[in-house]
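Have a look at the structure below, then the notes.
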Protein chains: 2
Amino acid sequence: MAVRDALTSDRVVDAALALADAHGLEALTMRRLGAALGVEAMSLYRHVASKDALLDALGDALVAFWIAPAAEVGTPPETATPPAAGSPTPGGTTTEAWRTAIATIMHRAHRELLSRPWAIELLASRPHVGPARLRYAEEITAALLDAGFSTQLAHHGLHIVDGTIMGFSAQEARRPSAEAMGSGVQRLWDGELAAEFPAISRTIRERHDHGEEYTLMVDLVLDGLARLRDGERPPRTAPSAPYPQLIG
Amino acid sequence: MAVRDALTSDRVVDAALALADAHGLEALTMRRLGAALGVEAMSLYRHVASKDALLDALGDALVAFWIAPAAEVGTPPETATPPAAGSPTPGGTTTEAWRTAIATIMHRAHRELLSRPWAIELLASRPHVGPARLRYAEEITAALLDAGFSTQLAHHGLHIVDGTIMGFSAQEARRPSAEAMGSGVQRLWDGELAAEFPAISRTIRERHDHGEEYTLMVDLVLDGLARLRDGERPPRTAPSAPYPQLIG
DNA sequence: ACCTGAACACCGTTCAAGT
DNA sequence: ACCTGAACACCGTTCAAGT
């Protein structure tokens with residue numbers, strides 16, 4: 001009983017998020033989700049087309065955390081007069097506004113992704129583009145266009161920023177479980193594999209700040225984008241050969 | 001009957017790869033895999049601890065395609081004398097050797113990942129680090145150390161390169177299905193959402209070469225790493241505020 | 001209109017039984 | 001030693017039936 005007023009699809013997604021937070025993504029089954037809502041599993045299908053659709057909605061709900069809740073704030077969609085690029089930020093520094101804007105999104109997304117161990121797995125397996133992901137893409141693209149990027153380069157920039165967020169977070173999320181597991185990583189750490197893998201054996205014991213490493217990557221990407229905008233192409237590094245001489 | 005000689009764990013993994021290639025990752029069930037090998041599902045458990053272990057092995061088999069088959073080639077683990085950084089490549093250009101080496105891996109990994117629509121999903125959901133992933137990490141780290149990167153920076157560099165490969169490929173793999181699906185992307189393309197999402201509406205119709213975009217990202221990352229090695233820190237871009245003024 | 005019970009066609013995995 | 005059959009405890013989803 002308790003609070004059972006009118007099941008809505010939003011309430012279903014909220015409950016799914018809570019269930020995944022509590023017991024992991026594999027515990028998110030229609031039967032358990034129904035139970036959590038005090039209802040049979042089959043009742044959920046009145047509010048959600050399928051489990052796939054539910055997971056898509058859940059993924060988009062995660063992306064919603066990355067962006068400012070503009071719909072709530074009440075700022076009209078006024079993009080007529082972009083702020084001049086290079087204008088000083090409220091803080092008084094002279095960092096270009098677009099860099100601050102995109103760095104903010106990148107750090108927030110990273111933080112949100114790492115706050116839920118199951119978040120990256122879900123998003124990586126769901127190609128769905130919902131309203132939140134559109135808003136997220138819009139914010140990044142708008143920041144780039146306003147900063148004088150060409151439409152072509154802004155398009156590339158969105159993909160580069162998006163790829164950086166997802167890829168770096170995924171790689172970082174992989175770390176703790178790899179260390180926890182008895183996989184090769186543990187034996188590396190113990191120095192067992194120093195002969196076979198000398199380079200990673202040397203570097204793996206480094207103490208390093210994860211947050212600092214992501215900041216490094218964010219700055220590297222934003223700096224690279226700024227250089228591209230300013231016409232400064234990095235030296236083109238051609239791969240030596242698409243493939244080694246494999247048989248077949 | 002046909003070829004049924006001695007089921008081995010390698011044969012099981014090979015069959016799993018073929019099955020996923022033919023019918024997708026969701027078709028890879030123990031029952032169907034057994035049938036493909038002319039055997040009952042339960043027989044597989046003699047060669048594979050669990051389905052999870054099988055998926056881990058399959059993921060590592062994918063990573064093996066990214067690296068040169070050194071075990072076969074017969075090059076001894078001779079890392080005593082690193083080639084001098086900045087030496088001319090066989091092609092006659094003066095690109096530093098480490099950039100060519102890492103760019104080669106990045107392009108090969110990207111190509112392999114995109115050749116199997118299910119590859120990124122599998123790798124993103126499997127934190128397991130197997131022998132192939134260790135070799136892959138070793139090759140990248142060794143290239144960086146040989147090129148004069150500090151152990152600290154080589155460690156960061158590995159994570160940055162790995163994150164770039166996975167993130168960019170995932171983002172790219174998402175594109176076709178997003179366009180195929182009736183999600184917001186199609187309506188964007190039709191110009192329906194131009195008012196709500198002006199920036200992405202402007203950029204989305206760009207014709208652009210996907211391979212070229214990845215090359216751009218690879219060069220951006222390698223150039224950024226080179227600058228870090230040479231002590232040239234990009235301007236630190238602090239996010240404006242960790243979080244917007246949210247209630248609660 | 002909304003929820004349910006029973007059922008269908010699947011899963012991964014265990015375990016005693018076969019050869 | 002290696003493979004199997006039946007079974008267990010689950011899945012997502014359909015559908016006629018309840019209120």
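Across the protein-nucleic acid pair, Glu40(B) atom CD and dT19(C) atom P stand 15 Å apart, rounded to whole Å. Per the geometry, CZ belonging to Arg11(B) stands 10 Å off P belonging to dC3(D), to the nearest Å. Taking atom CE on Met42(A) and atom C1' on dA17(D), their separation rounds to 14 Å, with Å as the unit. The interatomic distance linking Arg31(A) (CZ) with dT13(D) (C1') rounds to 9 Å, in whole Å. Summarising the geometry, the separation between CG on Leu33(A) and P on dC3(C) is reported as 13 Å, rounded to the nearest angstrom. One atom, CG of Asp52(B), and another, P of dC11(C), lie 16 Å apart when rounded to the nearest Å. Between Arg46(B) atom CZ and dA1(D) atom C1' the separation is 7 Å, expressed in whole Å. As rounded to whole Å, 17 Å separates atom P of dT13(C) from atom CZ of Arg32(B).
When both pairing distances are held under 3.5 Å, dA16(D) makes a Watson-Crick or G-U pair with dT4(C).
Using a cutoff of 4.0 Å between basic side-chain nitrogens and carboxylate oxygens, Glu112(B) and Arg108(B) are not scored as salt-bridged. A salt bridge links Arg116(B) with Asp21(B): at least one charged nitrogen is closer than 4.0 Å to a carboxylate oxygen.
Here the two rings, on His159(B) and Phe168(A), have centers that are 6.0 Å apart or farther.
Neither OP1 nor OP2 of dC2(C) sits under 4.0 Å from any side-chain N or O of Ser43(A).
In terms of position along DNA chain C, the nucleotide closest to Ala41(A) lies nearer the 5' end than the nucleotide closest to the other residue of the pair Ala41(A) and Met30(B).
In terms of modelled atom types and a separation under 3.5 Å, the side chain of Glu138(A) and the main chain of Ala199(B) share a donor-acceptor contact.
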